[in-house]
Amino acid sequence: MSENQTKKTKSILQAPRGTRDFYPEQMARLQWLFQLWRQTSLRHGFEEYDGPSFEHLDLYTIKSGDEIVSQLFSFEDRGGRDLALRPELTPTLARMIAVKANALPRPIKWFSIPRSCRAERPQKGRLREFFQWNIDIVGSDEVLADAECIFVALDFLRQVGLGPVLIELRVNSRFIVSTLLIDAGIDAERHGQMFAIMDKYEKLSEAEFDKYACEQGVCDTELTAVKNILRVPDLSSLESLSRSEQSRAELAKMRELKQYLDDFGVGEYFVYKPAVVRGLAYYTGIVFEIFDRSAKMRAIAGGGRYDNLISMFGGPSMPAVGFGMGDVVLMDLLDELGKAPMIPSHQPPEFFVIDADPSLFGMVLKIVGCLRGKGFAADYAPKRQAMGKQFKYATGRLAKFAIIVGDETRTQNLISVKNLQSGEQRQLNVEEFLKSPEQLSL
RNA sequence: GUGAAAGUAGCUCAAGUGGUUAGAGCACCAGGUUGUGGUCCUGGGGGUUGAGGGUUCGAGUCCCUUCUUUCACCCCA
C-alpha cells in the first residue's frame, strides 16, 4: 500500500464533515422521533408524501436565485444535466402539486420527513445532512389553515414535554409589516432589505443596530419608523399603528389566528414578535418561529404563508402555508433539558428461555422457535453458561419473563416461568404454555 | 466561504516551566458464587495523544500544514 493509500484509508474512517453515523442507540432515538412526527401528522389529518432526494438544480435557483448554489451540493450527471441534493422539500412539494393541482382534493394537507443536505459550514444545531419534518396545507387562504399548521407543531412539542413554559411561538405578518413600512413612506421594493435589517434587531444592541441600519442606507426618519414597528409589544398596540385598511384586515387575521390557537388549547405559546420576518423572500403573510424561551438555541421550527410559490413553479395560483422542524436543534434541546427518552435499540423479549444444563439446549431452541413462530419476541443466551449468567443476560435484554428448562422438563414436561419484574415464579406444562403463551398471568 | 478557539481509550477527564513504559472512573470482554438477576471480587483487551511534517539528546506538551468540532460572521430554505 502506498503512503497515499494509507492516508486515504485513515481519512475514510471519518464521516464527512457535518454528517452523522447512526449507531443502533442513535437510530432508536431517531425512529422514536420519526414515529411521533408521523403519528402526530396522521392524527391531525395529514397524508405522507416524498419526492426524489435530488432534483434539477434549476428547481432551487428559480425560487432563491443563483446565490443559493454555493449552499447546495450540486453535480452534473453523465448526460450533462445539472442536479443538486435537495436542501429542502418545499420546491419539490410545489412541483408535485403544480403537476397534479387540478386532480387533488383541497385543502391538500401533506407531511413528509425528508433527509436533506446543505453545503454549509456546520455549527451547533446546523449540520450538512439532517432530517426535517415538513407540514403544509395547500389550497386554502383561510387563517384556519395557518392555525392548523401551527397547532400540529405545538401538539407535537407538547407531547415531548415542551410546554409553553419552556418554549414560545413567535408570530408576525410580513404583509402587515409591509403596509406599515409603506405608511412610513418606504417603497415596496426596499422591503426585502428592511426585513433583513429587522431580522437583526434582537441580535444586536441598540447602538449596534442603529449603526448597522445606517450602513445599510436607512435614514434617520426611516430608522425611527422601523424601530416603532419593532417595539410593538402586542397585538393591541399594533392596532394603534395600523392606519390603512389593508393592515387592519391583516391585523384581524392575526387576531383570528390567536383565537383559533386559544380554541385549540395552545394559546399560551403565542407571542407577537415584530422582528420575526424570516429570511426567505417567498413568504407573503403570517410568519412564525418556535424558540425555547431561554433563546440560547436556533429556532426549533419556522414557517409561514407562501401564497405565490406554486404559481412560480408553473402551477395554478394556489395559496399555501407550512413549516419545517429539524431533528438537530430539537434533539439537542431535549437532551439539554433531560427530556430525551431512553429508547432500547432492540425489542425487549417477552420470553427469555434459560437452560439449567447445556444438555437441555435443544429444548431451549425448540421453545424459542415455537414462540417466535407464534409471533412473540423470544430470546436465549448466546452462550451455554451458568444459569446466573443467563439470568443476567436476560435482565440486560429487558426481558419480561424467564422460562427455565431443567431436568423436570425432560422427565415431567414441566417448565418454570418467572416474571422478572415481580420475581414471581410458577411451574407449567410445556405444551399447555406453548398452546397459548399470551394467557400467561404472572 | 472569512476570522478565532479546541482535539489525550467507546464516554468523562488526569499527566509542574519539554524528561522513564501516557493514567483513572464508567463502558466493553473473560473468569469466580455448581438450579435463579442490574450487586460484589479478580483479571483482560484496548491509544502511532485527530493526521502529516519540523525543532530538540528527548514532544501529549513548542512551530508549520491539514482534518474535525465549537464560537462569531455570511447565510439560514
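Owing to the predicted nature of the structure, the values given are computational and were not obtained by experimental measurement. By convention in this document, chain letters (A, B, ...) are assigned in the order of the sequence lines, proteins followed by strands, and residues within each chain are numbered from 1. The figures here come from the full heavy-atom set of this structure, side chains too, leaving out hydrogens, waters and symmetry mates.
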In RNA chain B, stems of three or more consecutive pairs, Watson-Crick or G-U, each with both distances under 3.5 Å, turn out to be B:1-7 with B:67-73, B:10-13 with B:23-26, B:28-32 with B:40-44, B:50-54 with B:62-66
A quick test of your reading: do over 12 heavy atoms of other residues, nucleotides or ligands sit less than 6.0 Å from CD of A:Gln26?
yes
**Item:** Note, A:Val353 side chain near A:Phe401 side chain (heavy atom, < 4.5 Å)
**Value:** no
So which protein nitrogen or oxygen atoms get under 3.5 Å of nucleotides 31-37 of chain B's nitrogens or oxygens?
unit_1 : atom_1 : unit_2   : atom_2 : d
B:G35  : O6     : A:Asp407 : N      : 3.3
B:G35  : O6     : A:Glu408 : OE1    : 2.9
B:G35  : N1     : A:Glu408 : OE1    : 3.1
B:G35  : N1     : A:Glu408 : OE2    : 3.2
B:G35  : N2     : A:Glu408 : OE2    : 3.4
B:U36  : O2     : A:Lys418 : NZ     : 2.9
B:U36  : N3     : A:Gln425 : OE1    : 3.0
B:U36  : N3     : A:Gln425 : NE2    : 3.4
B:U36  : O4     : A:Gln425 : NE2    : 2.7
B:G37  : N7     : A:Lys418 : NZ     : 3.1
B:G37  : O6     : A:Lys418 : NZ     : 3.3
B:G37  : N1     : A:Leu420 : O      : 2.4
B:G37  : N2     : A:Leu420 : O      : 2.7
B:G37  : N3     : A:Thr395 : OG1    : 3.3

Across all chains, not counting sequence neighbours, the ring-ring contact (aromatic ring centres under 6.0 Å, His included) partners of A:Tyr260 are none
Less than 4.0 angstrom from a charged side-chain N to a carboxylate O is my criterion; do A:Glu206 and A:Lys227 meet it? yes
Practice problem: May I ask you to check whether A:His56 and A:Asp82 show a side-chain donor-acceptor distance below 3.5 Å? | Solution: no
Residues of residues 21-29 of chain A with a heavy atom under 4.0 Å from any atom of RNA chain B, listed by number, are none
Only residue of A:Phe209, A:Phe195, A:Tyr212 satisfying ring pair (Phe, Tyr, Trp, His ring centres under 6.0 Å) with A:Tyr201 is A:Phe209
Protein-nucleotides 64-67 of chain B N/O pairs closer than 3.5 Å?
unit_1 : atom_1 : unit_2  : atom_2 : d
B:C67  : O2'    : A:Gln14 : OE1    : 2.9

Rounding to 0.5 Å, atoms CG (A:Asp332) and CG (A:Leu337) come to a distance of 11.0 Å
Is it true that a side-chain atom of A:Arg95 and a backbone atom of A:Gly314 form a donor plus acceptor pair closer than 3.5 Å? no
Between A:Asp50 and A:Met96, the two heavy atoms sitting closest are O-CE, 3.7 Å
Per-nucleotide protein contact along nucleotides 71-77 of chain B, 5' to 3', at a 4.0 Å heavy-atom cut-off (B base, S sugar-phosphate only, - neither), is SSBBBBB
